[in-house]
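These notes concern the structure reproduced below.
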Amino acid sequence: MIKPEVPKNEAERLHALRALKILDSSHEERFDRVTRMAKRMFNVSISLVSFVDEDRQWFKSKQGIDASETPRDISFCGHAINQDGLFIIPDASKDERFFDNPLVTDAPNIRFYAGYPLNLRQGINIGTLCLIDSKPKILNEEDQQLLKDLGTMIEQEIESIQLATLDELTLISNRRGFLTLVNHSLKMCRRNKVPMSFILFDLNRFKAINDEYGHHEGDFVLTTFANIMLDSFRECDVIGRLGGDEFVAMLSDSDGVKADLALARFSAAVKRVNETLNKPYQIEYSAGVMHFEHDTDKSIEEMIQDADAAMYENKRGKVG
C-alpha cells in the first residue's frame, strides 16, 4: 500500500477547510441530494462527499456506508486531492497503490473508485465527491463529464458557505468567519481558565505599493502576508483578515511572553520572505497586542478594538 502524499500547501489547505466549520457538522439535504443522485446514476454501492482533515477523511454526506470517517493514510480521497482532475481506479485489487489496502482486502472491499476533487480555488482541494463499488468499473467520457457536473454542484454549495466565512482573496477567515471561530476559542479559554492575546496587524505603505505597482501586486502582498500568518502561528490560533490591509490573530493560552515569542517568530518569517522575493519593495507592518484573562467581561469586538488601538500607537511611534 502506498500512503497518500501530503500537499505542499497543507497548512493553507487545512486552515481553509476548518474555517468553513463544516467538519463534524450535521448532514444537509443539499449535499445528500447529490450523493443520492450519484449513487443511482452510476449504479454504485457507495457515494460520498468526503473532506480530508489532518488525520482522517470525514463524510459530510454518505450513501451505502455506515462509517462516518476513515483514517487518512488508507484513504483513496487522500490521493485524489493531490490532483485537479478526476482520480479513477478501475480495479483497486490490481493497482500497486491499493491492492493490499485494508479498505480493499476487507469491507467495503473497494474495487472501483472515482473521485472528483472539491476545489476552493486553484491548488486548494479540501475533499472529494466520490463513487465506490465492490466490482471493477470503467467510466466513459460521458460518465466522467456527469461526475464532474455533480462535483461542481457540491463546489457551488461549499462556495455559498465559503463566501460567508472566508476572505475570497487570501482564503483565510474574513471578519465574520474570524468572529465565529474566536467565539469557540474564547469558550475553550474560559473552560480551561487560560489567558488569551489578540494581535492586530496593519500593512505599512500598502497604498503606495498599490499606486506604484498596481492592484495585482497589492493582492500578492495581501496573499503572501496571509500565508506567512498561516505558517507562523499555531494550529490552535485563529487568524483572519478584517478587511483592507488589516489582519488579526487570536492566541489562546497566551500571555505577554508567549505573544512576544509568536511575534518574533512571525517577524523572522516576514524577513525571510522579503529576502527571497526579490521585489522592489519590502512587506512591512505594524502590530498591536493586548492580553486578556479568561474571565474578561469585554466582548470580542472590544478586545479587537483594544489591539487596534495598540497597533495605531505602535504605528505612530514608528512614524515619529
Is there a side-chain contact between N314 and Y285 in this structure, where contact means two heavy atoms from C-beta onward sitting under 4.5 Å apart? no
For R121 and E12, what are the C-alpha separation, side-chain angles and deciding distance, and is it a salt bridge (Lys or Arg N to Asp or Glu O under 4.0 Å)? CA-CA 12 Å; R121 74 172 186 183; E12 181 183 2; 3.4 Å; yes
Centroid-centroid under 6.0 Å between F98 and H79 rings: yes
In terms of relative ring orientation, are F225 and F247 parallel, tilted or perpendicular, with 30° and 60° separating the classes? tilted
Residues Y116, E155; criterion side-chain hydrogen bond (donor to acceptor under 3.5 Å, both in side chains); working and verdict: CA-CA 10 Å; Y116 173 91; E155 286 178 331; 2.9 Å; yes
Check whether I228 and L277 end up in the same hydrophobic cluster, where Ile, Leu, Val, Met, Phe, Trp and Tyr are linked by side-chain heavy atoms less than 4.5 Å apart. yes
Scan side-chain atoms only and decide if K21 and T180 contain a donor-acceptor pair under the 3.5 Å cut-off. no
Hey, could you give me each pair passing side chain to side chain donor-acceptor pair (under 3.5 Å) that has a residue in residues 228-237? Not counting sequence neighbours. R18-E235, R234-D237
Nearest heavy atoms of A259 and V289, plus distance in Å: CB-CG2, 4.1 Å
Do F42 and L150 have side-chain heavy atoms sitting under 4.5 Å apart? yes
Polar side chain donor-acceptor pair, T128 to S50, under 3.5 angstrom: no
Between T170 and D167, do the side chains contain a donor N or O and an acceptor N or O under 3.5 Å apart? yes
Six-ring centre of F220, K279 cation under 6.0 angstrom, axis tolerance 45°: yes
Short N-O contact, D260 and R265, less than 4.0 angstrom: no
Which of these passes salt bridge (charged side-chain N to carboxylate O under 4.0 Å, His left out) with R72: E54, E5, E10? E10
Check this for me, if you would: do R111 and D133 make a salt bridge, where the nitrogen-to-carboxylate-oxygen distance has to be below 4.0 angstrom? no
Give a yes-or-no answer on whether the side chains of D149 and Q145 include a donor-acceptor pair shorter than 3.5 Å. yes
Quick one: does any side-chain atom of E246 pair with a main-chain N or O of R241 as donor and acceptor, under 3.5 Å? no
Specify the closest pair of heavy atoms between D91 and S93, including all atoms of both residues, with the distance to one decimal. OD1-OG, 2.6 Å
Would you check, one step at a time, whether the test salt bridge (Lys or Arg N to Asp or Glu O under 4.0 Å) holds for E157 with K60? CA-CA 12 Å; E157 295 299 340; K60 173 63 176 175; over 6 Å; no
Non-hydrogen side-chain atoms of I158 and L120 separated by less than 4.5 Å: yes
Under-4.0 Å salt bridge between D32 and R36: no
Check the angle between the aromatic planes of F31 and F51 and answer parallel, tilted or perpendicular using the 30° and 60° thresholds. perpendicular
Is a side-chain donor or acceptor of E159 paired with a backbone partner of Q156 at a separation under 3.5 angstrom? no
Going by heavy atoms in the side chains, are L118 and V49 under 4.5 Å from each other? yes
Are K258 and D255 close enough for a salt bridge, meaning some N to O gap below 4.0 Å? no
At their closest point, which heavy atom of N9 faces which heavy atom of G123, and how far apart are they? ND2-O, 2.8 Å
Smallest separation among heavy atoms of P117 and A80, with atom names: CG-O, 3.5 Å
Quiz question: by atom type and distance under 3.5 Å, do the side chains of S47 and Q63 form a donor-acceptor pair? no
Restricting to non-hydrogen atoms, name the atom on P7 and the atom on I81 that form the minimum distance, rounded to 0.1 Å. CG-CD1, 4.3 Å
